[in-house]
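Indexing begins at 1, ligand by ligand and atom by atom, following the structure's order. Because only heavy atoms are used, hydrogens play no part in the values below, and waters and symmetry mates are left out as well, while side chains stay in.
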Amino acid sequence: MTQSSSMPAILQAVMKGQPRALLDEHYPRWHHAPVTGLMNDPNGFVWFSGRWHLFYQWNPLTPDHKYKCWGHWSSADLLHWRHEPLALMPSQDYDRNGCYSGSAVDNQGRLTLCYTGNVKFDDGGRTAWQCLAVENERGEFDKIGPVLALPEGYTGHVRDPKVWQHNGRWYMVLGAQDKDKRGKVLLFSSPDLHVWDSEGEIAGNGINGLTDAGYMWECPDLFELGGRHVLICCPQGIAREPERFLNVYPAACLIGDFDYSTASFRHGELNELDAGFEFYAPQTAQAPDGRRLLVGWMGVPDGEEMLQPTLANGWIHQMTCLRELTLQNGKLYQRPIAELAALREEEQFWQGIAGEAPSLDALRLELLVDICGSLDMDFGGALKLSVNEQGVTLQRRSLASGEWLSRYWKGTVSSLQILCDSSSVEIFINQGEGVMSNRYFPQHPSRVCFNGASEVTLRYWSLRSAMVE
Ligand code: FRU
């Protein structure tokens with residue numbers, strides 16, 4: 001489809017789809033979700049000229065992965081968001097099978113998108129072009145075209161450019177698969193975003209002591225944090241362990257030190273970024289005050305996504321809440337951004353034996369729990385959380401088989417910060433030392449109930465809705 005021929009169909013899909021999505025009891029009240037169709041990765045998260053921009057992988061036509069545009073929201077304060085014109089849709093030979101994930105940068109005052117043009121061939125092969133598009137006065141994006149072809153030595157799976165500037169030079173990391181089917185992160189550099197030099201592989205399967213680390217690494221993001229460097233990536237093909245890496249694909253991070261002069265990254269072990277049921281393809285941006293913020297897709301591809309009940313209403317998936325990243329004692333911490341406190345209504349307080357605590361309305365809820373001992377919580381009968389000396393266990397039924405599935409976070413738990421929306425529960429453990437992000441589909445009104453003999457202290461708020469306008 002060309003740009004002009006797909007527009008009427010997109011408009012019709014949105015007109016028909018939005019009312020159904022917004023009436024769905026599972027449609028989020030304060031998280032980002034598509035007004036119809038399928039949304040996956042956050043893209044182009046950036047602070048530009050006094051506003052935040054958050055783009056997203058979006059198929060407005062049907063709730064599946066067949067057609068990929070870039071949707072676009074913007075905000076001055078990370079709380080009130082507005083819809084912006086659709087930014088990218090497949091229209092050229094070089095992006096005909098999808099405007100895949102990427103990032104946004106401020107290039108001398110022009111908001112510039114760096115994305116992957118995905119091309120599939122009839123014989124099952126594929127290629128990928130790294131492309132640019134620049135914002136015009138109407139808030140639309142003019143495609144500049146490809147600036148990087150498939151590098152030598154890799155299959156057609158090379159994508160998801162994350163671009164940033166360092167000491168006057170542009171850098172780009174790409175997710176890739178080499179010809180031996182090993183997942184890699186490639187680094188390129190450029191004086192102008194148009195001409196790119198290869199700086200080699202900086203991480204991946206077979207590099208820096210990592211073995212059996214998957215066949216494809218997607219959505220890399222490399223940034224400085226607390227005097228060190230963090231590489232976020234989504235390695236596909238990591239073996240499941242009894243209590244880790246249980247999702248179809250994980251989002252993971254490597255902490256280490258990156259040396260620009262040698263383009264080398266020395267790092268420690270590969271750890272999951274989030275131990276919950278749904279979290280993938282996160283992207284970070286730097287705030288003007290220096291904070292490193294992250295947003296992720298609260299979904300996982302190729303798992304049970306196509307069994308989620310919201311498909312009946314023509315939409316699927318949502319983003320996580322926005323989070324601030326910090327490095328503490330060499331570990332990556334994630335906390336909800338401070339701005340979210342503005343959604344809180346009146347504060348409530350309760351202290352006593354867990355089993356005697358009042359049940360709470362889970363529709364829009366923030367809950368802080370201080371615990372010493374064990375605790376069980378039930379979210380609308382559809383998600384169960386238990387805390388004991390070993391850590392946190394979450395349980396939810398498989399949408400396919402109905403059997404109970406578990407996810408784990410190991411460590412001593414002293415506090416939980418829990419953020420609930422109509423079909424999601426995000427659990428921050430010990431001020432962000434661990435996170436578990438999950439979708440769940442309870443019948444509303446859904447209530448959070450407590451059980452157990454330990455003493456708990458609860459502070460909680462009902463949250464205001466924050467719909468995109
Ligand atoms: C991750 C991903 C990216 C790709 C995009 C396509 O979820 O597979 O690698 O660019 O989704 O929508």
Item to check | Sub-6.0 Å ring centroid separation between F55 and F141 | outcome: yes
for atom 1 (C) of ligand 1, nearest protein heavy atom and its distance come out as D41 OD2, 3.0 Å
If you scan protein heavy atoms around atom 4 (C) of ligand 1, the nearest is D160 OD1, 3.5 Å
- Query: Aromatic rings F441 and H26: how do their planes relate, parallel, tilted or perpendicular, breaks at 30° and 60°?
  - Reply: perpendicular
heavy-atom search around atom 12 (O) of ligand 1 in the protein gives Q57 OE1, 2.6 Å
Between T62 and D64, is there a side-chain donor-acceptor contact under 3.5 Å, judged purely by atom types and distance? yes
Check your understanding: Can you find an N or O of Y100 that's nearer than 3.5 Å to an N or O of ligand 1?
Key -> no
| Does ligand 1 have any atom that is closer than 4.0 Å to a heavy atom of N40? | yes
| said: Is the distance from the ring center of F265 to that of H229 below 6.0 Å? | reply: no
Exercise for review: Flag the pair W315 / Y27 as yes when their ring centroid distance falls below 6.0 Å, and as no otherwise.
Suggested key: yes
Under 4.0 Å from one or more heavy atoms of S101, ligand 1 contributes atoms 5 (C), 10 (O)
In ligand 1, the atoms that come under 4.0 Å of a heavy atom of K68 are 12 (O)
Of all protein heavy atoms, the one nearest atom 8 (O) of ligand 1 is E218 OE2, 3.0 Å
For the pair R182 and E201, find out whether any cationic side-chain nitrogen is under 4.0 Å from an anionic carboxylate oxygen. no
Could you say whether the N/O atoms of W297 and ligand 1 ever approach to under 3.5 Å?
no
N or O pair under 3.5 Å between Y280 and ligand 1:
no
Next on the checklist: Just by distance, no angles: are the side chains of R439 and T310 close enough, under 3.5 Å, to form a donor-acceptor pair?
Outcome noted: no
